[in-house]
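For reference, the structure is listed below as structure tokens.
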Amino acid sequence: ACGHPQRRTNMTVNAWLWIGAIAMAIGAAVQLVIGWGPRTRDVENHYLLHLFVCLAAMASYLVMATGDGAIHLADGGPVGRDFYFARYVDWSITTPMLLLGLGLTAMHSPFRRWAALLGVLFADSYMIITGLFAGLSPVGSGQKWLWYIVSCAAFAFVYIGIWGIFRSEAKKTSEEAASLFRTNATILSAVWFLYPVVFLLGTEGTLFMGDVPTAAAYTLLDIVAKVGYGTFSLIETKRKAARELAAG
Ligand code: RET
């Protein structure tokens, strides 16, 4: 028993939150190891981004696992539901960082298309904040679906930014950059698409899934989107830097 007394402490949910915290700590350690030693500016950028994505998520999972990252809401069934607001705090920091990383892969310098890059980051923040409103609003209410649709519309703008602006910039940067960008953008687009699906099916949406599968699904997605993707992106950026150095 930990955290505020009104919270329903489900031990299996808690186990998933601890798995998330440990996975993010391991993820941060992995970034430290891969990024160790002399770095090019490009590698340094990705190293710092992916390291801090893992550290931010680690804090978020830690506050959820210790009982203070959720509020208990009375809606969503006879016993109410725990709403994990800490996820949205995490996502509001980490999703812009991941998109910045992808933008840097595409254009190397953030100043080349800085307004477009900022536009993508703003659309992303808008998606997370309106998603928070969707999560907070009562299960079954009309406003929940209003916010959900607004958030999905912002998500569509993020996709347009990635597959429109970023992709065309990547082609101008180099063959290498375009190819790595394509791989990263494909993984990111596919993994991110599953978040609104989990929201829809889980305790914040239709309650088709209970709190255990919802927590498990978000944790697994976060591990793939942050640790898996981050590790791949950093390793590939390092390889690309080595090839560029060798080519002069
Ligand atoms: C919400 C609910 C409302 C509709 C949409 C959503 C999208 C969330 C996304 C989250 C991505 C998170 C990542 C975290 C860790 O790295 C807020 C679930 C569209 C895309 C990648």
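For ligands, and for the atoms within them, numbers begin at 1 and follow the listed sequence. What's counted below: heavy atoms across the whole structure, side chains too, no hydrogens, waters or symmetry copies.
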**OP:** Please check if the distance between the ring centroids of Trp145 and Tyr148 is under 6.0 Å.
**Re:** yes
Subject >> Within-4.5 Å side-chain heavy-atom neighbours: Trp16 and Ile19 >> reply: yes
Subject >> Nearest-contact summary for atom 17 (C) of ligand 1 - protein heavy atom, Å >> reply: Gly131 CA, 3.8 Å
**OP:** Any chance you could measure Ser137, atom OG, to Leu146, atom CG, to the nearest 0.5 Å?
**Re:** 8.5 Å
Subject >> Met24 side chain reached by Asp222 side chain, heavy atoms, under 4.5 Å >> reply: yes
**OP:** Give the residue, atom name and distance (to 0.1 Å) of the protein heavy atom nearest atom 2 (C) of ligand 1.
**Re:** Phe199 CD1, 3.6 Å
**OP:** Answer side chain, backbone, both or neither: which part of Asp90 comes under 4.0 Å from ligand 1, heavy atoms only.
**Re:** neither
Original post:
Considering only protein heavy atoms, which is closest to atom 3 (C) of ligand 1, and at what distance to one decimal place?
Top reply: Ser151 OG, 3.3 Å
**OP:** Provide the number and element of each atom of ligand 1 under 4.0 Å from a heavy atom of Thr95.
**Re:** 11 (C), 12 (C), 13 (C), 14 (C), 21 (C)
**OP:** Please determine if Glu236 and Lys240 form a salt bridge, counting it only when a charged side-chain N lies under 4.0 Å from a carboxylate O.
**Re:** no
Original post:
CD1/Ile128 to CZ/Phe155 distance, rounded to the nearest 0.5 angstrom?
Top reply: 8.5 Å
Subject >> salt bridge (charged side-chain N to carboxylate O under 4.0 Å, His left out) partner of Glu169, the single match among Lys171, Lys172, Arg167 >> reply: Lys172
Subject >> Asp222: numbered ligand 1 atoms lying under 4.0 Å from its heavy atoms >> reply: 14 (C), 15 (C)
Subject >> N-O pairing of Asp75 and Lys144 below 4.0 Å >> reply: no
Original post:
For atom 9 (C) of ligand 1, what's the nearest protein heavy atom and its distance?
Top reply: Tyr195 CB, 3.5 Å
Original post:
At under 4.0 Å between heavy atoms, which part of Thr130 makes contact with ligand 1: side chain, backbone, both or neither?
Top reply: neither
**OP:** Show which atoms of ligand 1 fall inside a sub-4.0 Å distance from at least one heavy-atom site of Leu98.
**Re:** 16 (O)
Subject >> Side-chain donor-acceptor contact under 3.5 Å, His46 with Thr105 >> reply: yes
Original post:
Tyr148 heavy atoms, cut-off 4.0 Å: which ligand 1 atoms fall inside?
Top reply: 3 (C), 4 (C)
Original post:
Which residue and non-hydrogen atom of the protein lie closest to atom 7 (C) of ligand 1, and at what distance in Å?
Top reply: Pro196 CD, 3.8 Å
Original post:
Can you check whether Lys226 has an N/O within less than 3.5 Å of an N/O in ligand 1?
Top reply: yes
Subject >> Side chain, backbone, both or neither: Trp192 near ligand 1, heavy atoms under 4.0 Å >> reply: both
**OP:** For ligand 1, note which part of Val198 has a heavy atom under 4.0 Å away: side chain, backbone, both or neither.
**Re:** neither
